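What follows is a set of notes on a single structure, which appears directly below.
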Amino acid sequence: MDMDTANSVSASVSVQGLVAIIISLICIALAWWALQNLKLDVIIRHPQSSQGKMLHLLLAIIIGSLVARFVMDYWGWTQGLKYLF
């Protein structure tokens, strides 16, 4: 592998990593925003406590990560379609 190919592969991997980070953060922020409307007082006793806020944050991270993984998988699948024909 020559130096130009190695630099090209390195740049491609770097861009994919940056895109994955940005997509993950956007999906977590969207999950946080969507969870603002959830009534946690039905599930937990004190939703405004630090534990309630931590649960809200963890739910946003879990849901956002799942959505981000789906988006990145879907993006990868669509990129693979060009090799179909």
Side-chain angles (χ1 to χ4, degrees):
M1 189 184 304
D2 63 351
M3 195 58 129
D4 289 337
T5 305
N7 287 339
S8 176
V9 169
S10 177
S12 177
V13 170
S14 298
V15 168
Q16 287 178 351
L18 182 62
V19 169
I21 290 171
I22 291 170
I23 289 173
S24 294
L25 290 176
I26 289 171
C27 289
I28 290 170
L30 286 173
W32 174 269
W33 174 75
L35 286 171
Q36 295 295 317
N37 211 16
L38 182 67
K39 292 187 69 151
L40 287 179
D41 57 344
V42 175
I43 300 170
I44 58 176
R45 276 184 254 156
H46 306 289
Q48 296 303 320
S49 68
S50 59
Q51 288 125 343
K53 291 179 182 180
M54 179 59 74
L55 177 64
H56 192 261
L57 176 64
L58 292 173
L59 285 173
I61 291 170
I62 291 168
I63 294 170
S65 296
L66 290 172
V67 172
R69 182 174 298 142
F70 169 76
V71 169
M72 288 183 284
D73 283 347
Y74 191 81
W75 181 35
W77 298 330
T78 59
Q79 295 300 309
L81 286 177
K82 63 184 171 187
Y83 300 113
L84 184 62
F85 300 106

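Note that this is a predicted model, so its numbers are computed, not measured. Note: hydrogens, waters and symmetry copies are ignored here, and every other heavy atom, side chains too, is used. Along the sequence shown, residues are numbered consecutively beginning with 1.
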Side-chain heavy atoms nearer than 4.5 Å, only ILVMFWY residues, links allowed to pass through others: does that put [X] and [Y] together?
X	Y	answer
I22	V13	no
I23	V67	yes
I61	L59	no
I26	V19	no

Spacing of [atom1] belonging to [X] relative to [atom2] belonging to [Y], to within rounding of 0.5 Å:
X	Y	atom1	atom2	answer
M72	C27	CE	SG	7.5 Å
H56	Q51	NE2	CD	15.5 Å
I28	L35	CD1	CG	11.5 Å

Check: Under the side-chain contact (heavy atoms from CB on, under 4.5 Å) criterion, do L57 and W32 qualify, and how do the steps go?
Finding: CA-CA 7 Å; L57 176 64; W32 174 269; 4.0 Å; yes
Checklist line | Smallest separation among heavy atoms of A68 and S24, with atom names | finding: CB-CA, 3.7 Å
Note to self: If I compare all heavy atoms of G64 with all of A31, which pair ends up nearest, and what's the gap?
What the structure shows: N-CB, 3.8 Å
Note to self: Main chain of W75, side chain of T78: is a donor-acceptor contact present, judged purely on distance under 3.5 Å?
What the structure shows: yes
